[in-house]
Asker: 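Quick one: this structure, given as structure tokens, is what I'll be asking you about.
Chain naming here is simple, since letters A, B, ... match the order of the sequence lines and numbering starts at 1 in each.
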Number of protein chains: 2
Amino acid sequence: MTGRTSKQQGRPRRQSGDVRLADVAAAARVSAPLASRILNADPLVRATPETKARVLEAAEQLGYVPNIAAKTLRQRRTGLLGLVVHNLSSPIYLDLLQGARTEAAANNYFLVLGDVDELLTDEEAYRILVNGKRVDGLIVQGGHGEFDQHIAEIARALPTVIVNAPPKLTGTVAPLVAPDEGAATRMLTEYLLALGHTRIGLISGPYESPTNVLRTNGVREALAEAGAILREEDTVHLTWSAEAGRAGLRELATRWDGPGDRPTALIGGNSLIGIGMLRAAAELDIAVPAELSIAAVHDTWISEHLVPSLTTVSLPLREMGETAVRLLLSEPPRARQTIISDPPPRLHVRASTAAPG
Amino acid sequence: MTGRTSKQQGRPRRQSGDVRLADVAAAARVSAPLASRILNADPLVRATPETKARVLEAAEQLGYVPNIAAKTLRQRRTGLLGLVVHNLSSPIYLDLLQGARTEAAANNYFLVLGDVDELLTDEEAYRILVNGKRVDGLIVQGGHGEFDQHIAEIARALPTVIVNAPPKLTGTVAPLVAPDEGAATRMLTEYLLALGHTRIGLISGPYESPTNVLRTNGVREALAEAGAILREEDTVHLTWSAEAGRAGLRELATRWDGPGDRPTALIGGNSLIGIGMLRAAAELDIAVPAELSIAAVHDTWISEHLVPSLTTVSLPLREMGETAVRLLLSEPPRARQTIISDPPPRLHVRASTAAPG
DNA sequence: CTGAAAGCGCTTACAG
DNA sequence: CTGAAAGCGCTTACAG
């Protein structure tokens, strides 16, 4: 116990257990820079294998882990990516989050969570995240009017990738990662047409929302190809929620007079809407799929557990998260093109759809 | 353009837009330390209001945002908290995540996301998060055999709070934030008893899991108080998934011979199980709630949109997240007591329960 | 190719 | 109470 170590009796300057690069270097009898280069596998290093082994072993034995703050200060790289979304509670974006997190982890990056509404109200948080060099890049979810106005500003301060783009910003401010929305609803519509449905309706989100425009167009295109149209009267646009899906179908049903005067299949603009539609159908005693087929965009974990289980088309959300991270970590990250995420939408046929009665 | 500034013509040493504390100090004609103290509202500072205003204004005008890496290196405080959970896709823990995120943000902290399984397989990620001083503290979700073995080690390296505790670690290794599991199932059982049910069954997660033990005990206690018991034959223990809830009810149903020989109400160990039970009931043509009442632990967003909507008891997950963060940020954070999160469970009566037929 | 020196941008004992 | 100096722990031009 007699002072061979540098531990001081009074106040220890750092908590025990803290091992610095200098400690590793000393233990391996090399300089700190050389230790740094060996530990970081610098290819220019010509040290003998023995020396390298000595350094690696010393690091291992001392349990050395580099201090990230010091690295960051020196290299201007935090190893952190921010993910700023609207509504974490929505099951829809969990897959995107998972994809982003997995891909980040594969590159030894971690994800920091931000909330759009909070960033809008908490100026301090905004500055820390956007201007404080807290993260190396940001994945932001567009489509929120007030927030969209800030995206250009954010993209100027930090490498940024947009998911779920607002139309004005598309391809002009930062790369956009988006799925092929039109293909998704086209696929759903073609599937229903193939089943024999000829009159197909739609309950979706706000009419002017960019996502709705794309999804509605997909329905229209598929119908047009089959020589049919999307009738105004078979359409309701409210919000993207389950409650809206329920209200939407109730609204549609009030328009139905005779038994033949109604669509035989309905598409829900997203899975929440689809869930609400299923509920309204049950409440209105409309048999699904016997009297009415129901299908929706987005395949979430709940789809197969509903009664009846819900036919859906899944968008490659996980892959979008991965792509967003990959773009952020690639050089140069500021490419301005629009990236449609690759795997095409995929159909999940379940019990809520069938040939028309 | 003639050299009053320190900008060099050749390679700029830092990207434009980067403002350092020194720049603010120079603009305000004070020393950097004084500027630091004023910006951080050090109460010992006696500078004149004019001086203070000058510094604040200079910071504002230059758009100064402190470099977090430098602060962290100096103060040994990252402003980051890690949240390590098992299964982000589960709707159950989203509320916990939200609560933690909100409370963290209120203290100008951000949340970093970790995944238990990934941390177990990726040694590098584990070291970075646990030993790399990447975060100031960790909220870890227990109840995962392999991971539980690491929790003590983690708690030794970093301020740690456990949620969803493994029994061995409870109160011995780090503070535990847990809801009153027993009270939740007791409440559900008492409600069903009050409706007139006398034979109540249970489909829950793995028998030996600590959470299941607590929840099952709650059912037993409430039944005992009413002079009833939880019959072995009315019980199935599989996993915590919707699939297990479905399989569980199917299994129970095979045990029912005569029409009178069955429970009139069933409790699902969590909301996923409850969802699966609802599905199995529909598949088996068991009318809910006419023939069988179904209720479950955890109130998620989907509960009210199911058909029939699901009666649940909600645990204070949001508050647990908040409490966990508050503990981590309070001094000393290493208190070893068990913290039962405060608001008691709350009953949400919906359409899946009724008086026995 | 390696080592000694400098420096990333802050904050905080330490002198005055 | 304020300022000059030191130092947090790294990495990287820069000399040798």
Asker: Atom CZ of B:R77 to atom P of C:dT12: distance rounded to whole Å?
Answerer: 11 Å
Asker: Quick one: does B:S36's side chain have a donor or acceptor within less than 3.5 Å of a partner on B:A32's backbone?
Answerer: no
Asker: Is the shortest side-chain heavy-atom distance between A:V84 and A:I154 below 4.5 Å?
Answerer: no
Asker: For a quick check of understanding: with a heavy-atom distance under 4.0 Å over all strands, which category does B:A69 fall into, base, sugar-phosphate or nothing?
Answerer: nothing
Asker: Would you please confirm or rule out a distance under 4.0 Å between OP1 or OP2 of D:dA6 and any side-chain N or O of B:R74?
Answerer: no
Asker: Going by heavy atoms in the side chains, are B:H150 and B:V140 under 4.5 Å from each other?
Answerer: no
Asker: Quick one, which residues of residues 37-45 of chain B touch DNA chain D with a heavy atom under 4.0 Å?
Answerer: B:R37, B:L44, B:V45
Asker: Looking at A:S36, I'd like to know whether one of its side-chain N or O atoms comes within less than 4.0 Å of OP1 or OP2 on D:dC10.
Answerer: no
Asker: Indicate yes or no for a side-chain donor-acceptor contact from B:D136 to the backbone of B:G79 under 3.5 Å, with no hydrogens or angles considered.
Answerer: yes
Asker: Taking CD1 from B:I68 and P from D:dG9, how many angstroms apart are they, rounded to a whole number?
Answerer: 20 Å
Asker: Ignoring hydrogens, what is the shortest heavy-atom contact between B:V325 and B:I139? Give both atom names and the distance.
Answerer: CG2-CD1, 3.8 Å
Asker: Heavy atoms only: give me the nearest B:H86-B:D115 pair and the separation to one decimal.
Answerer: O-OD1, 3.4 Å
Asker: Rounding to an integer number of Å, can you tell me how far A:R134 CZ sits from C:dG9 P?
Answerer: 17 Å
Asker: Nearest-nucleotide wise, let me know which of A:L73 and B:L34 is further upstream toward the 5' end of DNA chain D.
Answerer: B:L34
Asker: Using a heavy-atom cut-off of 4.0 Å across all strands, would you classify B:L21 as base, sugar-phosphate, or nothing?
Answerer: base
Asker: Does B:Q75 put a side-chain nitrogen or oxygen below 4.0 Å from OP1 or OP2 of C:dT12?
Answerer: yes
Asker: Examine distances only and state if a side-chain atom of A:N107 and a backbone atom of A:Y109 form a donor-acceptor pair shorter than 3.5 Å.
Answerer: no
Asker: Quick check for you: to the nearest 0.5 Å, what is the distance between A:D23 atom CG and A:Y64 atom OH?
Answerer: 9.5 Å
Asker: Only stems of 3 or more consecutive Watson-Crick or G-U pairs count here, both distances under 3.5 Å; name the ones for DNA chain D, or none.
Answerer: C:1-3 with D:14-16, C:5-12 with D:5-12, C:14-16 with D:1-3
Asker: If each of A:V65 and B:V30 is mapped to the nucleotide of DNA chain D with the nearest heavy atom, which maps nearer the 5' terminus, i.e. the 5' end?
Answerer: B:V30
Asker: With distance as the sole test, does A:D42 use its side chain to make a donor-acceptor pair with the main-chain N or O of A:L44 at under 3.5 Å?
Answerer: yes
Asker: Where the side chain of B:R76 is concerned, which of D:dG3, D:dC10, D:dG9 is the nearest nucleotide?
Answerer: D:dG9
Asker: Measuring only the C1' atom in each nucleotide, how far is C:dG16 from C:dT12? A whole number of Å is fine.
Answerer: 16 Å
Asker: Respond yes when some side-chain nitrogen or oxygen of B:K71 is under 4.0 Å from OP1 or OP2 of C:dT11, and no when none is.
Answerer: yes
Asker: Separation of B:N67 atom CG from C:dT11 atom C1', in whole Å?
Answerer: 13 Å
